[in-house]
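Along the sequence shown, residues carry numbers from 1. We count ligands from 1, going down the list as the structure has it; atoms in each ligand are counted the same way.
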Amino acid sequence: MFFSEAKEKLQTAKVICTVVNIMGLSFSDKIILAPMVRVGTLPMRLLALDYGADIVYCEELVDIKMLQCKRVVNEVLQTVDYVSPTERVVFQTCEREKGRVVFQMGTADPKRALAVAKLLENDVAAIDVNMGCPKEYSTKGGMGAALLSRPDKIEEILKTLVNGFSKPVTCKIRILPTVEETVSLVKIIEKTGVAAIAVHGRKKEERPQHPVHCDFIKAIAEAVSIPVIANGGSQEIIREFADIEAFKSTTASSSVMVARAAMWNPSIFRKEGILSIDDVICDYIRHAVNYNNHYTNTKYCLCQMLRDQLESTLGKKLHAAQSTKEICEIFGMTSFYENYTLFQEAKRKSFSFASQITLKVDDADAPQLSVKFEKKDYLPQVTPKMVLLEWCRKEKLPQPVYQTVQRSLDRFFHSVVTVNEKKYCSVLWDKSKKLAEQAAAIVCLRTLGLPEGKIGEQENDLVYKRKREMQCPNVGSGNMSEMPQSKKRYQDDDKSEESDK
Ligand SMILES: Cc1cc2nc3c(=O)[nH]c(=O)nc-3n(C[C@H](O)[C@H](O)[C@H](O)COP(=O)(O)O)c2cc1C
């Protein structure tokens, strides 16, 4: 009797486990961080989870871009990174968010969408398709809000994903001109087998300042049986934690997704109440440093949090920051940065470098200095590589040749430059190929006793030429040279991030 009862209970537990596995992440009664380009990177997602969000969506990433990425396990950071051919981390995730991170995709093609989903199958909890983005870069490729007028395409994409992907599939839409049209589209979507649908209660031509149509979301929630995730309530409705529940009940939805209110202050997810932005910024920076977040992305997110303080001294300093170290200094976190950098370096050293180097460079005789390239020490349009190239041209030498290796352990780079048949390199490793090459160029210039193009250094021809271009906007580099330096730098940052989309 005892054994058969125990067997029965075990069987029931097994069935429950299987059901949970099959069904995966549930979207009922959840508070969710919305997908946000540039904002929804790993530090923000982890912070949202720390403060109480149940599910976090990543920023929208386009299928074609993801398919070019390779999956790399970073043993030092303990992350899984999807890295572009230009060695940029496009999507980064870690154990802490496993089971709660939803990957949002921009797609207009069922086959590509499924290929991306398969690539990410072991690293994310669900896949979402963006059907609400009204921006031209999305719609011109038939993605985002362009899908709203193609129910046939929506069905094709979602059915392919639901049938081919082992985890839940969701989609995020905007509302159509009428309630009836929106409800009939949502019913088509429901039939594809998606686990939930997020509804941003604005029409595609409406801007964030337009009032959110709670009545549309309510009508949708009442018309379908899958969880409806209400979205669009920031600013007008959601200003503190309690408002999330109010938005949920006004819209009769199952769950709520928050974007801008969380971007401005992610502690909106705290049941215990919102925290001061100073505390939130420190918490954010800790995650950004821990996961080697690119400083331009960290800067962007912190600017959103500072909002109306951007013109303050602090805001201006943030604008001008050119590295994670500088950002930490601005917010009084220098010792945290230094300690953590030492800790990471020690971790790196605890692995054997020799076995990690993927390509061997014969650099034993190369002059080696402990050198790093600091962008802020140079004029915006002058780099050591350019100075070295100009010098080689002037001396009628062959162009410098850079040989760069990457170690798989942490994906850091090391470059050796050959000039006039001699090799030069820094002993330090860098986060990017470009930085490693600049460091090698500096070692070469320094060893040869040549100017490096640094601000304040005796001017060489190249620096002189660039300065002239900056003083006379119509010469050479055009409009960019007219801008104040801090603004131009920030634009450069923006461009490098945007070009990743
Ligand atoms: C900076 C920013 C980036 C956004 N990026 C995305 C995105 O990648 N995918 C998406 O579906 N929606 C995106 N959105 C829209 C939001 O997810 C959300 O639908 C919208 O802001 C309304 O919600 P809210 O009132 O809570 O802000 C973005 C919004 C902002 C402010």
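The side-chain heavy atoms of D377 and I455, taken from C-beta on, include no pair separated by under 4.5 Å.
Residue G232 places a heavy atom under 4.0 Å from ligand 1. Residue contacts with ligand 1 leave out P208, since none of its heavy atoms falls under 4.0 Å from the ligand.
For atom 14 (N) of ligand 1, the candidate residues are G201, A34, P35; the nearest heavy-atom contact is made by P35. When the options Q235, Q104, M36, E60 are ranked by their closest heavy atom to atom 9 (N) of ligand 1, first place goes to Q104.
Side-chain atoms of E59 come within 3.5 Å of backbone atoms of R38 as a donor-acceptor pair (strictly under, hydrogens ignored).
F103 and F91 have perpendicular rings, their planes meeting at more than 60° on a 0 to 90° scale where under 30° would count as parallel. The aromatic rings of F27 and Y57 sit perpendicular, their planes meeting at an angle over 60°, well past the 30° parallel limit.
Every atom of ligand 1 is numbered from 1 in the order shown, and the set under 4.0 Å from a heavy atom of K172 is 10 (C), 11 (O), 12 (N), 15 (C), 16 (C), 17 (O), 18 (C), 19 (O). Close contacts of ligand 1 with R260, meaning ligand atoms under 4.0 Å from a residue heavy atom, involve 21 (O), 24 (P), 25 (O), 26 (O), 27 (O), 31 (C). Listed by atom number, the atoms of ligand 1 under 4.0 Å from S234 heavy atoms are 24 (P), 25 (O), 26 (O), 27 (O).
Under the 3.5 Å distance criterion, with hydrogens and angles disregarded, a donor-acceptor pair is assigned to the side chains of E121 and S166. S267 and N265 share a side-chain donor-acceptor pair at under 3.5 Å. Neither side chain, S276 nor D278, offers a donor N or O lying under 3.5 Å from an acceptor on the other.
The distance criterion of under 3.5 Å between nitrogen or oxygen atoms is met by V37 with respect to ligand 1. On a distance-only criterion, E59 and ligand 1 share no N/O pair closer than 3.5 Å.
When heavy-atom distances to ligand 1 are checked against a 4.0 Å cut-off, N130 comes that close only through its side chain, counted from C-beta outward.
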